[in-house]
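Remarks on the structure that follows.
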Amino acid sequence: MAAAKQTLTDSLSFCLAQLTAAAGEGLGGGKDTATNETPLGRALLALRTRHVKAAGGIERFRARGGLRPLLALLRRAAAADPAPSQAGPGSAPSSVESATSAGPAPSPGPAPSAASSSTPSPPARLRKTLDLALSILANCCTEGACRAEVRRLGGILPLVTILQCVKTDSIQNRTARALGNLAMEPESCGDIHSAGAVPLLVDNLTACQDSQCLQSVVRALRNLADSPQHRLALAQQGAVRPLAELLAAAPDPALTLALVRALLELSRGCSRACAEQLSLGGALGPLVSLASHPKKAVREATILILANLCAQGLVRPALGNAGGVDVLLGELRRRRGPNGAGPASQQPLVRAVCLLCREAINRARLRDAGGLELLMGLLRDPRASAWHPRVVAALVGFLYDTGALGRLQALGLVPLLAGQLCGDAGDEEEEGREAASWDFPEERTPDRAEAGSFRSLRSWLISEGYAAGPGDISPDWSPERCPPPPPPPEPAEPTSPTLGPTSLRTPRTLRTPGRSPAAAAEEPWGREGPALLLLSRFSQAPDPSGALVTGPALCGLLAYVTGSPGPPSPRALRILARLTCNPACLEAFVRSYGAALLRAWLVLGVAPDDWPSLRARPARRQHRELGEMLLQNLTVQAESPFGVGALTHLLLSGSPEDRVACALTLPFICRKPSLWRRLLLDQGGLRLLLSALTRPAPHPLFLFFAADSLSCLQGLLSPTVIPAPPPPIPLDLDPPSPCLYEPLLGPAPVPAPDLHFLLDSGLRLPAQRAASATASPFFRALLAGSFAEAQMDLVPLRGLSPSAAWPILHHLHGCRGCGAALRPIPPPGQPLLGSEAEEALEAAGRFLLPGLEEELEEAVGHIHLGPHGGPESVGEVFRLGRPRLVAHCARWTLGPGQCPRKRALALVGLVEAAGEEAGPLTEALLAVVMGVELGAKGSRLDW
């Protein structure tokens with residue numbers, strides 16, 4: 001088959017030559033009679049259909065210098081076209097500049113007829129040349145290098161001139177398309193704004209009826225909204241309202257998609273002007289309807305537009321009337337579902353839902369639509385921790401909604417709020433003034449004051465849908481119009497606007513409404529402010545014990561009070577004081593070990609996280625004073641007739657757990673001897689507490705609380721406590737008693753031994769028969785009786801090691817305090833069970849040497865319970881099972897002046913050592929608390 005005939009237009013060089021010639025000579029030229037077309041027309045058509053669309057064609061066209069003559073051609077075409085009647089043929093740039101400097105364009109009216117009457121249609125050949133040249137330029141501007149060169153060659157101003165002068169749909173379409181492509185570069189976008197193209201594009205939205213042209217104009221406006229400054233400029237020049245009106249007119253699907261995409265860009269960081277124009281253009285209802293559009297792109301863009309609009313308080317009531325609350329809640333619920341999107345896609349919806357909580361009408365809709373459960377789900381989700389401050393601030397809006405507060409309390413809000421007080425989440429992102437609640441809209445007429453009743457009426461009309469925005473209601477309707485009051489004389493300090501839950505960042509302060517700045521004490525309002533405000537509201541209920549007097553809530557409040565880097569908010573202190581002064585909370589403080597927790601955390605400086613480690617955190621004076629004040633409040637409640645009845649009922653008729661908690665708490669909150677003696681001693685509360693020590697702990701700090709409670713009770717029983725004796729002098733530094741056994745060990749013993757004891761190890765120990773026989777009934781029967789050993793000079797002692805036998809031989813020969821009893825005692829930190837000390841004690845008992853037993857027990861107590869011993873040694877000593885050592889361990893644990901941490905750790909060791917046999921431990925502790933052994937012989941063991 002023969003090859004197709006080549007034509008001149010197949011050559012790019014020929015087409016460029018024609019383009020260059022036309023750019024230099026004009027748009028005329030002879031017509032080819034065979035084709036009825038000019039050579040320029042054929043060249044432009046070939047460039048558009050073949051050369052530019054070919055692979056790499058745009059780059060070749062630019063590299064061969066085609067953009068310069070193309071732009072020159074457009075300049076000549078714009079100059080050749082008749083301009084509008086109000087301007088001369090050569091005034092396109094100046095008219096563009098005037099349009100730019102004119103500021104926001106007026107609301108577009110019925111412009112098509114006006115434009116057609118003032119601008120005659122261009123000749124057909126000129127129109128075709130412009131169509132082809134603009135199409136080529138728009139195609140070239142799809143590549144970044146061409147966009148940069150067009151800007152460098154000054155190609156933006158001719159396009160704006162054509163947009164102003166040539167009112168033909170096809171040319172407007174291609175010009176808008178070229179401008180939209182150029183606007184993809186930030187530098188070109190700024191030049192297009194400066195050239196005054198925005199008002200011309202906005203005019204086309206009302207003047208043009210062609211869908212393709214409208215799509216190009218809408219796309220150009222969308223690309224021009226590339227920064228906050230440009231979006232604000234577009235809104236101020238009236239670009240949003242025509243888009244909203246077009247969307248309300250239910251256009252074709254392609255234009256609908258273009259409109260929602262443009263509105264999405266324009267509504268990012270939604271400005272007041274944008275929100276007002278969207279509302280006045282009637283787009284709120286169509287946007288809510290489009291949220292259920294079958295096409296995903298339209299649906300998602302619409303939902304994001306609604307979310308962006310929530311940033312403006314003036315439009316939120318109308319948005320709620322249109323059904324936006326249900327739409328946003330449903331979409332957020334879907335995205336948080338199992339098949340939903342990630343957290344990043346939920347962020348704008350979370351922000352929108354939280355902003356909707358600022359108006360009462362939308363809060364009611366949100367509550368009825370299940371929004372409270374959704375917000376609580378966000379608070380429980382650790383992945384949403386970055387949004388927790390925003391959600392808590394939103395819940396402040398329900399502060400006086402009793403039904404919503406009850407629902408939130410049932411959903412577990414209080415523990416979550418307490419956790420927020422000391423959480424690691426950041427501050428809430430600050431919103432602008434326009435995001436404030438529209439229930440109390442900000443005044444924007446400084447020259448005229450509007451009465452409060454008129455503001456309320458205006459807010460109600462907007463929320464109910466009778467008015468689309470504040471602009472629909474004239475201030476002249478107010479019956480209370482009056483001139484503004486004279487300015488006050490030089491105030492002592494500048495008056496700041498009222499701060500509400502919308503302003504949560506430090507270092508702001510919150511003043512009490514209705515008071516003068518000088519009379520009201522300022523309170524800090526940091527990130528914990530919303531949570532504390534809600535907790536304070538819950539604490540004002542008649543019986544807040546079920547929500548606030550619980551372990552998590554009290555721990556959160558106390559952690560905030562003691563861990564705040566600066567002074568804690570006075571509101572937190574008022575919450576604690578309010579709870580401890582409420583008689584309805586007394587039983588809850590007892591059941592939850594709240595009183596013991598207040599004393600441990602505030603007075604003693606021991607938080608749950610500090611236990612059982614010995615981390616040093618001394619209690620601050622202000623914390624100790626606060627704890628004592630709160631415990632005093634509880635004491636007032638406990639010693640009242642109501643409190644006496646409640647505590648008696650708990651101790652006698654409560655559950656086993658409640659009875660133990662009551663017995664433990666009584667020493668902290670009861671100071672009347674008649675009351676605590678009757679409950680703890682006469683009615684068995686003390687034995688009940690002691691018997692609970694070896695059972696599973698009902699609270700992580702139970703043993704710490706119990707040790708502190710027993711110590712306090714001991715102080716109540718013995719108000720005149722004997723001062724603690726000074727630390728003992730180690731035995732090895734005491735003046736040693738003369739050793740009576742040592743002379744028998746030398747090479748020439750005096751007197752000579754008449755007896756040797758043979759140990760299992762083969763060691764022979766010398767002894768005197770007469771002295772050994774008189775020291776113990778056992779040895780008297782063994783050595784001076786009828787046994788065979790009485791006639792033997794080498795008497796075996798079975799089951800005795802040399803270290804254990806050493807103190808026995810010294811004791812048999814009359815040594816007392818010579819230091820021999822210390823030899824078998826291991827140092828602190830080593831176990832006593834199975835040691836030579838236990839063997840020596842067992843042998844002393846077997847050989848009927850009570851004096852040696854007492855001396856060995858003294859040595860054990862001195863080494864392990866003395867100044868070098870610690871609480872971990874108490875359990876080791878208790879495990880020996882010696883009655884005197886058991887009593888010594890109890891006295892060491894509950895002794896006056898003992899560190900609360902060491903006391904509690906010692907009690908833990910005693911409970912672990914006692915195991916299931918709690919009888920000896922219970923009796924020993926009871927004896928110490930009751931002071932039974934004070935002044936007895938065993939008291940000399942209490943160093």
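All values derive from a computational prediction rather than experimental measurement. Any value given below was found using the heavy atoms of this structure, including those in side chains, with hydrogens, waters and symmetry copies removed.
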Checklist entry - Are any side-chain N or O atoms of T206 and backbone N or O atoms of D203, one a donor and one an acceptor, separated by less than 3.5 Å? => result yes
Note: P286 and A248 closest approach over all heavy atoms is CG-CA, 3.8 Å
- Is any side-chain N of the basic residue among D226 and R231 closer than 4.0 Å to the acidic one's carboxylate O? no
Interatomic distance, CG@L70 vs CZ@R75, rounded to 0.5 Å, equals 10.0 Å
With the side chain counted from C-beta on, respond yes when L224 and H230 share a heavy-atom pair under 4.5 Å apart, and no when they do not. no
* For H193 and A233, indicate whether the former's side chain and the latter's backbone hold a donor-acceptor pair under 3.5 Å. => no
Closest heavy-atom pair, R299 versus A291, reported as atoms and distance to 0.1 Å, is CG-O, 2.9 Å
If you count heavy atoms of other groups shown closer than 6.0 angstrom to CZ of R68, is the number above 12? no
Item checked: Steps toward side-chain hydrogen bond (donor to acceptor under 3.5 Å, both in side chains) verdict (N139, R177) -> CA-CA 9 Å; N139 289 337; R177 178 168 170 260; 2.7 Å; yes
- Query: Between D381 and W387, does a side-chain contact (heavy atoms from CB on, under 4.5 Å) hold up when you go through it step by step?
  - Reply: CA-CA 10 Å; D381 189 358; W387 309 329; over 6 Å; no
*Under 4.5 Å between any side-chain heavy atoms of V150 and C141, yes or no?*
yes
query = Does V240 offer a backbone N or O that forms a donor-acceptor pair with the side chain of Q277 under 3.5 Å?
reply = yes
CG (L44) and CD1 (I136) are apart, to the nearest 0.5 Å, by 5.0 Å
Point to revise | E265 bridged to R222 by N-O distance under 4.0 Å | key: no
Can you list the steps and then say if I303 with L287 is a side-chain contact (heavy atoms from CB on, under 4.5 Å)? CA-CA 8 Å; I303 290 171; L287 283 173; over 6 Å; no
The reported gap from CG in L205 to SG in C213 (rounded to nearest 0.5 angstrom) is 9.0 Å
Self-check item: R151 bridged to E185 by N-O distance under 4.0 Å
Solution: no
Rounded to the nearest 0.5 angstrom, the CG-CG distance for L243 and L247 is 9.0 Å
**Asked** Is there side-chain contact between P158 and L71, with heavy atoms separated by less than 4.5 Å?
**Response** no
* Just by distance, do the side chain of N223 and the backbone of A183 share a donor-acceptor pair under 3.5 Å? -> no
- Item | Main-chain N/O of T142 paired to R147 side chain as donor or acceptor, under 3.5 Å | yes
Value for CD1 (I162) from CG (L179), rounded to nearest 0.5 Å, stands at 9.5 Å
Original post:
Looking at side-chain heavy atoms only, is the closest gap between L309 and L284 below 4.5 Å?
Top reply: yes
Can you check whether Q346 reaches L349 side chain to side chain, under 4.5 Å on heavy atoms? no
*Evaluation steps, side-chain contact (heavy atoms from CB on, under 4.5 Å), between H293 and T302*: CA-CA 9 Å; H293 196 277; T302 302; over 6 Å; no
- prompt: Are any of the side-chain heavy atoms of P39 and R42 separated by less than 4.5 Å?
  reply: yes
Smallest heavy-atom separation, L182 atom then S188 atom, equals O-CB, 3.1 Å
Requested in this report: Check for a donor-acceptor pair, side chain of S289 on one end and backbone N or O of G285 on the other, with a separation under 3.5 Å.
Outcome: yes
Could you check whether any side-chain N or O of T168 sits under 3.5 Å from a backbone N or O of I171, counting only pairs where one atom can act as donor and the other as acceptor? no
Closest heavy-atom pair, P348 versus A344, reported as atoms and distance to 0.1 Å, is CD-O, 3.7 Å
Test side-chain contact (heavy atoms from CB on, under 4.5 Å), reference V217, set D210, T175, L200, L201, output is L201
Exercise: do N308 and R351 side chains pair donor with acceptor under 3.5 Å = no
| request: May I ask you to check whether over 12 heavy atoms, not counting those of R261, lie within 6.0 Å of atom CZ? | output: no
dist L16:CG -> R64:CZ (nearest 0.5 Å) comes out at 5.5 Å
Of all heavy-atom pairs linking R60 and A54, the shortest is NH2-CB, 3.9 Å
- request: Report the C-alpha separation of V202 and L234 in whole Å, then their side-chain angles, then the decisive distance to 0.1 Å, and conclude whether the side-chain contact (heavy atoms from CB on, under 4.5 Å) test is met.
  value: CA-CA 9 Å; V202 172; L234 286 169; 6.0 Å; no
inquiry  = Are L246 and P251 packed together at the side-chain level, in the sense that at least one heavy-atom pair is separated by less than 4.5 angstrom?
reply    = no
- Query: Does a donor on one side chain sit under 3.5 Å from an acceptor on the other, for N173 and Q212?
  - Reply: no
Looking only at heavy atoms, the pair that brings G41 and L132 closest together is O-CD1, 3.9 Å
Are the side chain of Q172 and the backbone of L163 linked by a donor-acceptor contact shorter than 3.5 Å? yes
> Can you tell me if T49 uses its side chain to pair, donor with acceptor, with the backbone of L45 under 3.5 Å?
Replying inline: yes
Checklist entry - Would a distance-only check, ignoring hydrogens and angles, find a side-chain to backbone donor-acceptor pair under 3.5 Å from R316 to C310? => result yes
ask   = Do L319 and Q312 come close enough that some side-chain heavy atom pair is under 4.5 Å?
value = no
